[in-house]
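Since the structure comes first, as structure tokens, the remarks are kept for the end.
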Amino acid sequence: MKRSTMMNELSKLSKRNMVSFHVPGHKSGKIFEKYKIDIGSNIGEFDITEIPGADNLYAPKSIIKESQNRAKDFYGSDYTFFLVNGTTCGIISMIMATTKPGDKIIVPRDCHKSVISGIILAGILPVYIKPEIYSKLFLMGAVTPEAIERAIQEHPDAKAVIITYPNYYGICSDIEKIVKIVRRHNKILLVDEAHGAHLKLSEKLPISALDAGADIVVHSTHKTLPAFTQGSMLHVKKGRVDIDKLKFMLSLNQSSSPSYLLMISLDMAMSIAAEEGRFLMEKLIENINGFKNEFTEIEGLNMISEEIIGRYGVKNIDITKLTISMKEIGIEGSKLEEILRKKYNIQVEMADIYNILAISSIANEKNDFKRLCKALKSIHDDRKINHKRIDIPEFSFRIPKIEILPREAVYKEKENISFIESSGRISGEYIMPYPPGIPLICPGEVISREVIEYVKILKSLGISIVGVSDSSLDTIKVIK
Ligand SMILES: Cc1ncc(COP(=O)(O)O)c(C=O)c1O
């Protein structure tokens with residue numbers, strides 16, 4: 001039988017032997033090869049359903065329970081649930097389990113779209129906080145404890161606070177102070193730690209949200225540890241969370257046929273993390289430090305480093321995320337991403353206006369960093385590359401006006417109008433650069449002239465905008 005087109009195409013991609021600085025954390029299966037874990041030839045055997053002996057994700061008694069318990073002990077939670085629909089379903093479930101329709105939730109504006117999905121499904125009202133802006137690299141930074149305190153004082157009826165920790169770029173807010181504030185006001189702290197499943201592997205990394213005292217934490221195990229895509233975990237600390245309600249929401253938001261391949265991969269990721277993780281992380285940190293030493297010698301290149309700590313609300317950074325900019329020598333993020341991919345066979349996670357983001361994990365080897373550094377040096381010295389001054393007008397990252405609740409906006413009647421003429425209208429859709437999937441505009445919010453101009457710039461730089469039914473964004477659906 002012929003192989004499917006998809007298999008052929010994906011094989012072609014993998015045969016290019018690209019250096020992976022993107023998710024998933026197993027880096028194209030390299031770590032499985034290293035530990036001689038053969039999944040491929042047994043794939044049919046492991047893809048099973050809940051027959052006797054195979055346990056049940058929603059009422060675990062044997063193998064799944066044991067595996068979840070191992071993860072619970074590793075992370076120091078009181079309950080750990082495997083997720084087969086990514087962190088997205090965990091975020092939606094934790095929001096729905098800790099609020100009732102009509103409630104308020106406090107949320108920094110740089111949240112992932114899954115948080116907004118949770119807000120829509122729960123029928124609640126978001127109270128947005130503006131994170132600090134790291135203007136040099138045009139990024140949203142951390143959220144300060146003071147901003148959270150202020151938001152709670154202004155909205156004492158809010159039920160919960162949700163933060164992203166670390167953010168996509170590895171920037172960490174002062175979570176320990178935030179925990180204290182949220183506790184003092186008797187609220188629940190939910191943490192989107194999609195990018196932090198590896199933090200337990202070294203004291204040289206920022207404190208994990210669970211260790212800091214968060215109530216519920218969701219991990220994309222697949223992003224920074226060697227699990228398959230969509231394999232995630234939700235961890236809970238006892239006390240302020242209604243576990244039965246949370247379990248109900250998890251069963252509501254996940255498939256009734258959970259994939260054993262994903263669950264096995266979570267189990268496998270935990271074995272690697274528990275047995276080899278600290279050793280591998282030490283090596284990774286050594287390699288990153290070596291890379292940074294060489295990197296700093298290249299003039300005109302910037303990288304988010306420890307020097308940002310103490311500014312823009314930043315308490316710490318996760319150094320396994322490399323946010324690199326060639327803005328000063330006139331190469332924008334999307335251009336740099338393209339050159340690395342096409343000329344040097346290096347695939348990074350994403351590009352924004354000024355930066356590329358390379359996500360490393362315990363599956364990356366020293367040689368990967370050497371290749372990245374060598375490529376950056378060559379690009380820096382390449383006279384054939386068209387360098388241009390990149391002057392983006394300031395963007396305020398102002399929180400848009402919420403005219404109607406996101407959930408209501410989803411169900412309201414809409415009409416299609418020209419995007420560039422949509423200033424002042426209430427959006428019926430998301431406007432979202434992707435990655436990272438942080439919405440500029442959510443359904444129910446007023447589109448401003450500034451957002452329209454900003455989106456025009458993003459598009460001209462080749463950054464894709466998703467969330468809109470017209471993918472070219474010539475038109476947009478607005479509320480009638
Ligand atoms: C900060 C953040 N939260 C949540 C998610 C959703 O995670 P998943 O893809 O595992 O559903 C992502 C995905 O990119 C993310 O970056």
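Just follow the structure's listing: the first ligand is 1, and inside any ligand the first atom is 1. Predicted, not measured: the structure shown is a model, and the values here were computed from it.
In this structure, atom 11 (O) of ligand 1 lies nearest to the protein heavy atom Thr88 OG1, 2.6 Å. Protein heavy atom at the shortest distance from atom 2 (C) of ligand 1 is Asp192 OD2, 3.4 Å. Nearest to atom 16 (O) of ligand 1 among the protein's heavy atoms is His195 NE2, 2.8 Å.
If you look at His222 next to ligand 1, the close heavy atoms, those under 4.0 Å, all belong to the side chain. If you look at Thr87 next to ligand 1, the close heavy atoms, those under 4.0 Å, come from the backbone and the side chain alike.
In this structure, the ring of His195 has its center less than 6.0 angstrom from the ring center of Tyr168. Remark: aromatic rings of Tyr58 and Phe81 are distant, center separation not under 6.0 Å. Within the 6.0 Å centre-distance limit, the rings of Phe138 and Tyr354 are counted as a close aromatic pair. Aromatic rings from His219 and Tyr75 are positioned such that their centres are separated by under 6.0 Å.
Within the listing of ligand 1, atoms 4 (C) sit less than 4.0 angstrom from a heavy atom of Ser114. Distances below 4.0 Å separate heavy atoms of Ser220 from the following atoms of ligand 1: 7 (O), 8 (P), 10 (O). Short contacts between ligand 1 and Gly86, defined as distances under 4.0 Å to a heavy atom of the residue, involve ligand atoms 10 (O), 11 (O). Proximity to Ser232 (heavy-atom distance under 4.0 Å) selects the following atoms of ligand 1: 10 (O).
Between atom 4 (C) of ligand 1 and the options His112, Lys223, Glu193, the minimum heavy-atom separation is to His112.
Rounding to the nearest 0.5 Å gives a distance of 4.5 Å between OG of Ser360 and CG of Leu284.
By the 3.5 Å distance cut-off applied to N or O atoms, Tyr434 is not counted among the residues near ligand 1. Residue Thr164 has no N or O atom closer than 3.5 Å to an N or O atom of ligand 1.
Side chain to side chain, Ser93 and Asn253 meet the donor-acceptor criterion of an N or O pair below 3.5 Å. Under 3.5 Å, the side chains of Ser325 and Asn302 contain no donor-acceptor pair of N or O atoms.
Phe397 and Phe395 have perpendicular rings, their planes meeting at more than 60° on a 0 to 90° scale where under 30° would count as parallel.
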